Amino acid sequence: MIKAIVLAAGLSSRMEAKNKLLLPFRGKAILQHTIDALLATQVERIIVVTGHEQEKVTSLLENVEVSITHNEAYQQGQLTSIQKGLEQLSDNCTAFMVCLSDMPLIEAKAYDELIQTYQLAIIDQPIVLPHNGKRAGNPKLFHLDYKEQILALDAAEHQGAKAVLKRNFDKIIAHQTENDAFFMDIDTPAAYQALLKR
């Protein structure tokens, strides 16, 4: 069973006091696009980790089939939200996908193609990430064995799970793609304006 951890806790510090997840795009909030796409995938369960403006974010997900968990330590960085999501994984989970919530252009089919690359992997305990030949994108899909390694990271020293990626470089499989949706997150007003022009 593959489960998705959606990081929706950030401060949106580069968005000039606006919560990027609540910004409108094609008739609904950016976060809702991400959740709607994931709901149409092979993912068995979606865990949304909230933090900044918890009530506003949660209100977007009323009557939506997701699990919501609040990260009280969200101001300490992204790693704390990943760890909070990992704590919610059940025993029947075999892999987890760490998803950014501000990537509204990723469609369900694209997520499933990433999952298929994982399922077809011929190495044990794979880590799959989208790659366009120049850089890696998001989301990142981990075998469950990496759960404890990520939980053991110190949030004061690490901003995310990059240390685990470096430590297990030989287990990484690049999902080769030209789909720029995997590489476009909405961190700044300029990025948001570029999104609106799509």
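Nothing here was measured: the structure is a model prediction, and the numbers come from that model.
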J.: Give the C-alpha distance, both sets of side-chain angles, the deciding distance and a yes or no for side-chain contact (heavy atoms from CB on, under 4.5 Å) between M15 and I186.
T.: CA-CA 9 Å; M15 194 52 79; I186 314 303; 3.9 Å; yes
J.: Is there a donor-acceptor pair under 3.5 Å between the side chain of K134 and the backbone N or O of H131?
T.: no
J.: Can you confirm whether Q88 sits close enough to S67 that some side-chain heavy atom of one is under 4.5 Å from a side-chain heavy atom of the other?
T.: no
J.: With sequence neighbours left out, which residue pairs that include part of residues 108-126 fulfil the salt bridge (charged side-chain N to carboxylate O under 4.0 Å, His left out) condition?
T.: none
J.: Please identify each residue that fulfils side-chain hydrogen bond (donor to acceptor under 3.5 Å, both in side chains) with T34, with sequence neighbours left out.
T.: none
J.: How long is the span from the CG atom in L79 to the CG atom in L7, to the nearest 0.5 Å?
T.: 10.0 Å
J.: Can you confirm whether V6 sits close enough to V49 that some side-chain heavy atom of one is under 4.5 Å from a side-chain heavy atom of the other?
T.: no
J.: Check whether any side-chain heavy atom of T69 sits under 4.5 Å from a side-chain heavy atom of V48, and report yes or no.
T.: no
J.: Side chains of K3 and T94: any donor to acceptor distance under 3.5 Å?
T.: no
J.: Which residue pairs pass the salt bridge (charged side-chain N to carboxylate O under 4.0 Å, His left out) test when at least one of the two sits in residues 65-90, sequence neighbours left out?
T.: none
J.: Taking only residues two or more places apart in sequence or in another chain, which ones pass side-chain hydrogen bond (donor to acceptor under 3.5 Å, both in side chains) with S101?
T.: none
J.: Spell out, as yes or no, whether a donor-acceptor pair under 3.5 Å connects the side chain of H33 to the backbone of F25.
T.: yes
J.: So H70 and Y74, would you call those rings parallel, tilted or perpendicular, with 30° and 60° as cut-offs?
T.: tilted
J.: Would you sort out whether Q119 and Q42 count as a side chain to side chain donor-acceptor pair (under 3.5 Å), showing the intermediate values?
T.: CA-CA 11 Å; Q119 293 170 334; Q42 302 175 43; 3.2 Å; yes
J.: Which atom pairs, one a donor and one an acceptor, fall under 3.5 Å between side chains of residues 160-167 and the rest of the protein, sequence neighbours left out?
T.:
residue	atom	partner	partner atom	Å
R167	NH1	Q149	OE1	3.2

J.: Could you pull out every donor-acceptor pair under 3.5 Å between side chains of residues 176-184 and any protein atom, sequence neighbours left out?
T.:
residue	atom	partner	partner atom	Å
T177	OG1	N179	N	2.9
N179	OD1	A181	N	3.0
D180	OD1	R198	NH2	3.3
D180	OD2	R198	NH1	3.0

J.: Evaluate whether atom NZ of K56 has more than 12 neighbouring non-hydrogen atoms of other residues, nucleotides or ligands under 6.0 angstrom away.
T.: no
